[in-house]
Q: 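Dropping a structure here in structure tokens format, bear with me for questions.
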Amino acid sequence: MVKRILIHGVLILLCLFIWLPLLLMAGSALMSEGEMLERFGAVFGMGNAPIKAAFIPTYPTLSPFVELLLDSPGFYVMFWNSCLQTGLVLAGQLLIALPAAWAFAHLCFPGKRALFLFYIILMMQPFQVTMVPNYLVLKGFHLLNTHLAVILPGVFSAFPVFIMTKFFASIPTPLIEAARLDGAGDFSIFLKVGIPVGRPGIISILVLGFLEYWNAIEQPMTFLKEQRLWPLSLYLPEITADKAGAAWSASIIMMVLPVLLFIMGQDTLEQGIAASGIKE
């Protein structure tokens, strides 16, 4: 009994550690400009008064949301850029990663092991390692400062290939052999067996990919120079102190989509990561 209480206490503390910043952000998004400066003036270099964070503002107001949604056209441009770049990256990953993963899992060809090892090595490399080669390639194709500069490197990411290879490999061999006995070819088996059975894995790479590219900062900051092409993740650092309320509001709006997507796909995401296919 004591052990269970201690475990629950630790879990509650960890949850509070995660949720407190989010609750503070939600409360700050409802503050007026005057109250914002009064409570966080020292953060913005306006005086030395102590910071007075609050979960609930003294005088809640929706004016920061009104300012963001009605008086900030740049927000909508960057929101559209985020949707465009993230959506095309995910669509491209489905077209490239799924056939590649199926080939690694169920086809035999020379150099298969070495090529898959190369994929794993690429997956382990941080962006800082591949940044210069990507920059030079994109510059050579005259794609810098275009949406494709962010989209194409994401489309050919090694991570979804790795996830789906493990998932497709867990499909029972008798199921695939039964499809071949019925006269199905490799491509037909991929469409009619691999895609339906691999649905949890597909959803998992879509959720993880969305979370990664929706919040991407380094890639667009490196490859996009014009502000009209920036995604929403680069909008927040550009907001000045006098627009702090709009920054909090933009943070809330930006967080809504990933949170909803994660909640809706949580169970399927766990299955995909665990690569739990049909058992014999």
Side-chain angles (χ1 to χ4, degrees), residues 82-125 147-148 150-216 219 231 256-280:
S82 287
C83 294
L84 177 67
Q85 293 169 11
T86 304
L88 290 181
V89 166
L90 296 182
Q93 285 184 351
L94 290 180
L95 292 176
I96 300 297
L98 295 185
W102 182 262
F104 279 125
H106 292 288
L107 299 183
C108 295
F109 54 89
K112 173 180 172 180
R113 289 180 177 271
L115 185 58
F116 188 68
L117 177 62
F118 182 66
Y119 263 81
I120 295 176
I121 294 174
L122 284 177
M123 183 184 67
M124 297 172 61
Q125 301 303 314
H147 289 300
L148 290 177
V150 176
I151 294 170
L152 288 181
V155 166
F156 294 98
S157 172
F159 180 71
V161 177
F162 174 79
I163 290 290
M164 289 310 302
T165 297
K166 295 301 182 180
F167 199 95
F168 283 149
S170 67
I171 298 177
T173 302
L175 182 61
I176 298 177
E177 292 177 348
R180 284 201 174 95
L181 290 176
D182 288 338
D186 289 330
F187 186 70
S188 180
I189 294 174
F190 168 65
L191 290 180
K192 297 181 179 179
V193 177
I195 297 299
V197 176
R199 179 176 171 271
I202 294 172
I203 293 178
S204 71
I205 64 172
L206 289 177
V207 172
L208 294 174
F210 182 89
L211 295 176
E212 177 180 359
Y213 292 99
W214 183 260
N215 298 306
Q219 295 91 330
V256 168
L257 278 178
V259 170
L260 290 178
L261 185 64
F262 182 81
I263 291 175
M264 291 187 295
Q266 182 178 3
D267 293 338
T268 309
L269 177 63
E270 293 175 357
Q271 296 178 35
I273 294 177
S276 55
I278 299 175
K279 303 301 181 181
E280 296 186 51

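Residue numbers run from 1 in the order of the sequence given.
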Q: Please list all pairs passing the ring-ring contact (aromatic ring centres under 6.0 Å, His included) test where one or both residues lie in residues 171-201, with sequence neighbours left out.
A: Trp102-Phe190
Q: Check whether more than 12 heavy atoms from other residues, nucleotides or ligands sit under 6.0 Å from atom NZ of Lys192, and answer yes or no.
A: no
Q: Using the test ring pair (Phe, Tyr, Trp, His ring centres under 6.0 Å), find all partners of Phe162 that sit at least two apart in sequence or belong to another chain.
A: none
Q: A side-chain contact here means heavy atoms from C-beta on lying under 4.5 Å apart; do Ile121 and Gln125 qualify?
A: yes
Q: My understanding is that only residues two or more places apart in sequence, or in another chain, count here; which of them pass side chain to side chain contact (heavy atoms under 4.5 Å, CB included) with Ala103?
A: Leu107, Phe109
Q: Mark yes when over 12 heavy atoms from residues, nucleotides or ligands other than Met123 sit less than 6.0 Å from its CE; otherwise mark no.
A: yes
Q: Which heavy-atom pair separates Arg180 from Ile189 by the least distance, and what is that distance?
A: CG-CD1, 3.4 Å
Q: Side chains of Phe159 and Leu208: does their closest heavy-atom pair fall under 4.5 Å?
A: yes
Q: Give, for atom CG of Leu206 and atom CZ of Arg199, the distance between the pair rounded to the nearest 0.5 Å.
A: 11.0 Å
Q: If you apply the rule side-chain contact (heavy atoms from CB on, under 4.5 Å), what do you find for Phe104 with Leu115, and how did you get there?
A: CA-CA 9 Å; Phe104 279 125; Leu115 185 58; 3.7 Å; yes
Q: Mind checking what makes side chain to side chain contact (heavy atoms under 4.5 Å, CB included) contact with Leu122, not counting sequence neighbours?
A: Phe118, Ala158
Q: Could you go step by step and tell me if Tyr119 and Thr165 meet the side-chain contact (heavy atoms from CB on, under 4.5 Å) rule?
A: CA-CA 11 Å; Tyr119 263 81; Thr165 297; over 6 Å; no
Q: Provide the closest heavy-atom pair for Phe168 versus Ala105 in the form atom of the first, atom of the second, distance.
A: CB-CB, 3.6 Å
Q: Just jot down the ring pair (Phe, Tyr, Trp, His ring centres under 6.0 Å) partners of Phe210, sequence neighbours excluded, or say none.
A: Trp214
Q: Kindly give the heavy-atom pair with the smallest separation between Ile171 and His106, and that separation in Å.
A: O-CE1, 4.1 Å
Q: Enumerate donor-acceptor pairs with a distance under 3.5 Å from any side-chain N or O in residues 83-99 to protein atoms, sequence neighbours excluded.
A:
unit_1 : atom_1 : unit_2 : atom_2 : d
Gln85  : NE2    : His147 : ND1    : 3.0
Gln85  : NE2    : Leu229 : O      : 3.1
Thr86  : OG1    : Ser82  : O      : 2.8
Gln93  : NE2    : Gly154 : O      : 2.9

